[in-house]
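Hydrogens, waters and symmetry mates are skipped; everything else that's a heavy atom, side chains included, is used. Given the structure is predicted, the values throughout are model-derived calculations rather than measurements. Just so you know, ligand 1 is whichever comes first in the structure, and atom 1 is the first atom listed for that ligand.
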Amino acid sequence: MEQIIRIAVQKSGRLSDDSLSLIKECGIKFYNGTGKLKSTSTNFPIEFLFLRDDDIPGYVADGVADLGIVGENELVEKDKEVVTLKKLGFSKCRLSLAIPKGQEYTGVSYFEGKNIATSYPKILGDYLKKVNISAAIHEISGSVEIAPSIGLAEGICDIVSSGSTLMMNGLKEVEEIFKSEAVLIANKDLVDWKKAIVDKLLFRMNAVQKGKSNKYVLLNAPNESLEKIISLIPGMRSPTILPLAQPGWSSVHSVLQEDQFWENIEELRAAGAEGILVVPIEKMII
Ligand code: PRT
Ligand code: ZN
């Protein structure tokens with residue numbers, strides 16, 4: 001049998017583009033024609049199944065797919081036994097309770113004895129149990145935000161990202177009950193040769209992610225401030241220092257973490273650095 005793993009990705013929706021870009025950034029080539037349900041990479045032992053996101057946890061749990069990319073909200077709601085290998089950092093959102101804007105919110109006891117419409121009955125049910133509230137959960141599969149205005153429920157529990165859908169429907173967010181982002185999941189009983197391919201893929205994904213969270217920095221500095229500057233940007237092992245044509249000056253090259261970026265740049269300027277260039281890194285292997 002040909003040794004190839006299968007990954008389930010969302011066919012079309014909010015997860016699709018980022019899932020496929022991540023795979024492409026890992027150097028994995030494949031043909032993704034519209035309407036195709038399956039595709040095989042031409043340069044990596046992986047086959048793609050394009051599915052509704054709702055079906056991905058189940059396919060991975062059953063072993064129809066070895067891997068899947070899905071939102072944590074869908075994963076927890078479906079409650080299937082799979083292994084989460086990695087948070088992927090995209091499709092971030094939250095699952096929140098919301099009520100009509102005009103209502104006074106007095107805390108979670110507001111929901112006692114009320115009706116709540118949602119597409120996430122499990123996550124909501126678990127939350128209500130945790131906070132000791134008994135409310136009736138009305139499961140609906142879409143357009144949850146209109147439930148209060150048509151008299152179906154007094155409140156809703158739905159995915160929120162910018163908040164504009166709630167606002168447009170005269171609702172306000174009152175409790176965040178779950179945070180979500182896309183995750184890479186795997187079947188829990190992968191055989192060794194499949195695990196080896198998954199490890200190769202993870203190695204590439206980690207390199208891409210590390211690259212994204214770091215920047216390559218080039219700057220010029222007077223030689224007398226080099227010591228201070230090196231202490232600010234230690235880099236992967238240590239920075240590269242090259243002499244400039246102008247005597248007494250050097251060019252310093254190093255790597256900086258994106259999240260400390262502005263703070264570091266200010267300190268570098270204060271230490272005498274100038275001509276600072278910040279360049280994205282495509283991949284980073286340490
Ligand atoms: O067809 P299929 O079943 O595959 O897709 P789907 O329609 O069920 O899901 P899709 O593509 O809409 O979302 C896939 C995943 O993206 C979700 O499971 C979440 O993990 C994640 N995600 C991130 C979101 C949002 N952001 C989001 N904003 N999922 C849905 N929304 C919707 C939300 O339901 C609400 O209607 O957007 C609206 C709220 O957005 P704001 O920006 O107005 O607050
Ligand atoms: Zn769905």
Are a donor atom and an acceptor atom from the side chains of Ser96 and Glu173 found within less than 3.5 Å of each other?
yes
Record the part of Arg14 in heavy-atom contact with ligand 1 below 4.0 Å; permitted values are side chain, backbone, both and neither.
both
Lys11, Glu74, Arg14 screened by side-chain contact (heavy atoms from CB on, under 4.5 Å) with Asp53, the one that passes
Glu74
Could you tell me the residue and atom name of the protein heavy atom closest to atom 14 (C) of ligand 1, and the distance to it rounded to 0.1 Å?
Asp53 OD2, 3.5 Å
Quick one: look at Asn73 and ligand 1, take heavy-atom pairs under 4.0 Å, and tell me if it's side chain, backbone, both or neither.
side chain
Within the 4.0 Å heavy-atom shell around Asp158, which atoms of ligand 1 are there?
34 (O)
NZ/NE/NH1/NH2 to OD/OE distance under 4.0 Å, Lys194 and Asp66
yes
The protein heavy atom nearest to atom 5 (O) of ligand 1 is Gln10 NE2, 2.9 Å
For Gln257 and Asn214, does a side-chain donor sit closer than 3.5 Å to a side-chain acceptor?
no
Glu258, Glu282, Glu25 screened by salt bridge (Lys or Arg N to Asp or Glu O under 4.0 Å) with Lys212, the one that passes
Glu25
Less than 4.0 Å between atom 7 (O) of ligand 1 and some protein heavy atom, yes or no?
no
Would Glu274 and Arg269 count as a salt bridge (charged side-chain N to carboxylate O under 4.0 Å, His left out) here? Give the steps.
CA-CA 6 Å; Glu274 56 182 60; Arg269 270 163 47 88; over 6 Å; no
Which residue owns the protein heavy atom closest to atom 33 (C) of ligand 1, what's the atom, and how far is it?
Ile159 O, 3.4 Å
Taking just the N, O or S atoms of Asp53, which one is nearest to the Zn ion (ligand 2)?
OD1
Neighbour count above 12 (heavy atom, 6.0 Å) for Asp17 CG
no
Would you say the side-chain atoms of Glu175 and Tyr105 include a donor-acceptor pair closer than 3.5 Å?
yes
Considering only N, O or S atoms, which atom of Asp54 is nearest to the Zn ion (ligand 2)?
OD1
So, 2.8 Å as the limit: is an N/O/S atom of Glu74 located closer than that to the Zn ion (ligand 2)?
no
Report, in ascending order of atom number, the atoms of ligand 1 lying under 4.0 Å from any heavy atom of Val160.
44 (O)
For atom 1 (O) of ligand 1, find the nearest protein heavy atom and state the residue, atom name and distance (0.1 Å precision).
Arg52 NE, 3.3 Å
Working to the nearest 0.5 angstrom, can you tell me the gap between Asp199 CG and Asn206 CG?
10.0 Å
Pairwise side-chain contact, Tyr216 with Leu256, heavy-atom cut-off 4.5 Å (strictly under)
no
Tell me which protein heavy atom sits closest to atom 28 (N) of ligand 1, plus the residue, atom name and distance to 0.1 Å.
Ser161 CB, 3.4 Å
Of the listed options Ser180, Cys93, Ala182, Gly71, closest to atom 21 (C) of ligand 1 (non-hydrogen atoms)
Cys93
Can you tell me which residue and heavy atom of the protein come closest to atom 15 (C) of ligand 1, and the distance to 0.1 Å?
Leu15 CG, 3.9 Å
Evaluate Ser91 for polar contact with ligand 1, using N/O atom pairs at a separation under 3.5 Å.
no
A student checking ligand 1 against Gly13 at a 4.0 Å heavy-atom cut-off should list atoms 11 (O)
Looking only at the side chains, is there a donor atom on one of Glu139 and Thr118 sitting less than 3.5 Å from an acceptor on the other?
no
Hey, are the side chains of Leu201 and Ile28 touching, using non-hydrogen atoms and a 4.5 Å cut-off?
yes
Does any N or O atom in Ser162 lie less than 3.5 angstrom from one in ligand 1, N or O only?
yes
Protein heavy atom at shortest distance from atom 43 (O) of ligand 1:
Thr165 OG1, 2.5 Å
Check this for me - ligand 1, Glu72, N or O atoms closer than 3.5 angstrom, yes or no?
no
Do ligand 1 and Gly163 have nitrogen or oxygen atoms that lie under 3.5 Å from each other?
yes
Per-residue contact class, Val144 against ligand 1 - non-hydrogen pairs under 4.0 Å:
neither
Using the rule given for salt bridge (charged side-chain N to carboxylate O under 4.0 Å, His left out), can you reason through Lys122 versus Glu77, listing the C-alpha separation, both sets of side-chain angles and the distance that settles it, and then say yes or no?
CA-CA 5 Å; Lys122 173 176 165 28; Glu77 183 61 32; over 6 Å; no
Please identify which atoms of ligand 1 are closer than 4.0 Å to at least one heavy atom of Asp54.
3 (O), 8 (O)
Looking only at side chains, do Gln209 and Lys86 share a donor and an acceptor under 3.5 Å apart?
yes
